[in-house]
Amino acid sequence: MIKLLKIKTNKAKIIRLKPVNFQEKLEILVKTIKDRAGREILDNSYYREINVPMQNTDKNLYCRSLVLSISQDEKNKASHLLEVAMLHPTMMIENKRPIAMGNKAKILKALEDKNFIKNLSKDISEMSDKLKSL
């Protein structure tokens with residue numbers, strides 16, 4: 001004898017997500033690099049460079065993507081460099097700007113500054129204008 005099972009099927013719910021604006025993406029980018037810096041930066045031994053990229057969705061900025069990175073000085077293990085880099089839409093030119101330099105505590109202090117995101121936004125718009133003029 002064959003028994004037929006009645007199986008309920010659930011229809012998938014469609015959820016519309018609101019688009020994330022550029023400022024919110026920038027805040028997420030800064031939070032991500034701050035968390036990674038707290039875990040990965042070492043003042044007494046070498047570590048791999050930290051890069052956190054973000055695709056540009058803002059039509060007012062003239063770049064394809066931007067990245068926040070923290071690198072270590074080759075000679076002095078306790079010296080680190082925090083910088084922002086933007087990639088030209090043609091992907092042939094990169095524009096970099098240093099933001100902070102020092103030991104782990106100075107880098108984290110710079111990232112936790114209350115005006116950091118505002119200053120970073122200003123730097124990004126200036127760098128975008130320079131890329132546009134090329």
Side-chain angles (χ1 to χ4, degrees):
M1 175 174 202
I2 299 174
K3 186 176 181 180
L4 297 174
L5 299 175
K6 290 186 178 180
I7 300 173
K8 290 184 178 180
T9 58
N10 294 330
K11 293 185 179 180
K13 294 180 183 178
I14 298 174
I15 300 173
R16 302 272 185 223
L17 299 175
K18 68 173 190 150
V20 180
N21 66 15
F22 183 77
Q23 197 65 26
E24 290 173 351
K25 280 187 174 183
L26 198 58
E27 290 171 4
I28 293 169
L29 179 76
V30 171
K31 183 186 179 312
T32 303
I33 198 155
K34 188 183 342 176
D35 293 343
R36 286 191 63 190
R39 287 189 318 263
E40 297 177 24
I41 290 180
L42 303 170
D43 282 339
N44 54 4
S45 65
Y46 293 106
Y47 62 91
R48 178 180 276 170
E49 184 174 317
I50 301 169
N51 291 311
V52 182
M54 179 180 89
Q55 293 295 320
N56 179 28
T57 57
D58 188 2
K59 301 299 179 196
N60 297 326
L61 291 178
Y62 192 73
C63 71
R64 185 174 198 94
S65 64
L66 58 103
V67 65
L68 280 175
S69 63
I70 301 174
S71 57
Q72 189 175 36
D73 188 7
E74 293 176 6
K75 296 178 182 175
N76 183 3
K77 292 183 271 188
S79 181
H80 315 284
L81 176 66
L82 171 65
E83 61 186 355
V84 61
M86 294 177 74
L87 186 63
H88 193 273
T90 62
M91 297 180 14
M92 300 293 266
I93 303 168
E94 183 181 47
N95 188 3
K96 286 187 177 185
R97 181 176 284 184
I99 299 172
M101 187 172 184
N103 61 8
K104 179 179 180 175
K106 286 184 181 178
I107 298 294
L108 289 174
K109 184 179 177 184
L111 287 168
E112 292 168 355
D113 184 18
K114 63 180 181 178
N115 294 324
F116 181 77
I117 293 178
K118 184 175 115 180
N119 294 336
L120 182 61
S121 297
K122 189 176 98 176
D123 287 346
I124 288 171
S125 64
E126 289 174 5
M127 293 169 66
S128 172
D129 292 340
K130 287 184 181 179
L131 282 176
K132 194 180 288 187
S133 67
L134 295 176

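These numbers come from the heavy atoms of this one structure, side chains and all, not from hydrogens, waters or symmetry mates. Residues take their numbers from the sequence shown, with the count starting at 1.
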Do you reckon Phe22 sits in the same ILVMFWY cluster as Leu87, going by side-chain contacts under 4.5 Å, direct or chained? no
At their closest point, which heavy atom of Pro89 faces which heavy atom of Arg64, and how far apart are they? O-NH1, 3.5 Å
For Gly102 against Ile107, the heavy-atom pair lying closest together: O-CG1, 4.0 Å
Using every non-hydrogen atom in the two residues, find where Lys25 and Thr57 come nearest and quote the distance to one decimal. NZ-CG2, 2.9 Å
Short question: side chain of Asn56, backbone of Cys63 - any donor-acceptor pair under 3.5 Å? yes
Would you call Leu68 and Leu120 a side-chain contact if the rule is heavy atoms closer than 4.5 Å? yes
Can you name the residues that form a ring-ring contact (aromatic ring centres under 6.0 Å, His included) with Phe116, not counting sequence neighbours? none
Co-membership, hydrophobic cluster, residues Met92 and Leu131, 4.5 Å side-chain: yes
Is there a donor-acceptor contact under 3.5 Å from the side chain of Asn115 to the main chain of Lys118? no
Determine whether Leu29 and Leu66 make a side-chain contact, defined as any pair of heavy atoms from C-beta on separated by less than 4.5 Å. yes
In this structure, CD1 of Ile33 is separated from CG of Leu111 (nearest 0.5 Å) by 6.5 Å
After noting the C-alpha distance and the side-chain angles of Lys109 and Asp113, does the key distance pass the salt bridge (charged side-chain N to carboxylate O under 4.0 Å, His left out) rule? CA-CA 6 Å; Lys109 184 179 177 184; Asp113 184 18; over 6 Å; no
Should Leu81 and Met86 be counted in the same cluster of Ile, Leu, Val, Met, Phe, Trp and Tyr side chains packed under 4.5 Å apart? no
Under 4.5 Å between side-chain heavy atoms, counting indirect links through other Ile/Leu/Val/Met/Phe/Trp/Tyr residues: same cluster for Tyr46 and Ile41 or not? no
Using a 4.5 Å cut-off on heavy atoms from C-beta on, say whether the side chain of Arg97 contacts that of Ile124. no
Kindly compute the distance separating CD (Glu126) from CG (Asn95), expressed to the nearest 0.5 Å. 10.5 Å
Would you give the length of the straight line joining atom CG of Asn60 to atom NZ of Lys132, rounded to the nearest 0.5 angstrom? 7.5 Å
Between the OG atom in Ser69 and the CD atom in Glu49, the distance rounded to the nearest 0.5 Å is 5.0 Å
Between NZ on residue Lys114 and CG on residue Asn119, distance to nearest 0.5 Å: 11.5 Å
State, to 0.1 Å, how close Leu108 and Gly38 come at their nearest heavy-atom pair, and which atoms those are. CD2-N, 3.9 Å
Side chain to side chain contact (heavy atoms under 4.5 Å, CB included), that's the test. Do Met54 and Ile28 meet it? Break it down for me. CA-CA 10 Å; Met54 179 180 89; Ile28 293 169; over 6 Å; no
Counting only heavy atoms from other residues, nucleotides and ligands, does the tally under 6.0 Å from CD of Glu74 exceed 12? no
Any non-hydrogen side-chain atom of Gln72 less than 4.5 Å from a side-chain atom of Leu42? no
Mutual orientation of the aromatic rings belonging to His88 and Tyr62 [parallel < 30°, tilted 30-60°, perpendicular > 60°]: perpendicular
At what distance, to the nearest 0.5 angstrom, does CE of Met101 lie from CG of Leu82? 11.5 Å
What closest approach, in Å, do Glu40 and Ile50 show between heavy atoms, and which atom pair accounts for it? OE1-CG1, 3.5 Å
State yes or no: do Ile93 and Leu61 share one hydrophobic cluster built from I, L, V, M, F, W and Y residues joined by side-chain heavy-atom distances below 4.5 Å, directly or via other members? yes
Please name the pair of heavy atoms, one in Lys96 and one in Ala85, separated by the smallest distance, quoted to 0.1 Å. CG-CB, 3.6 Å
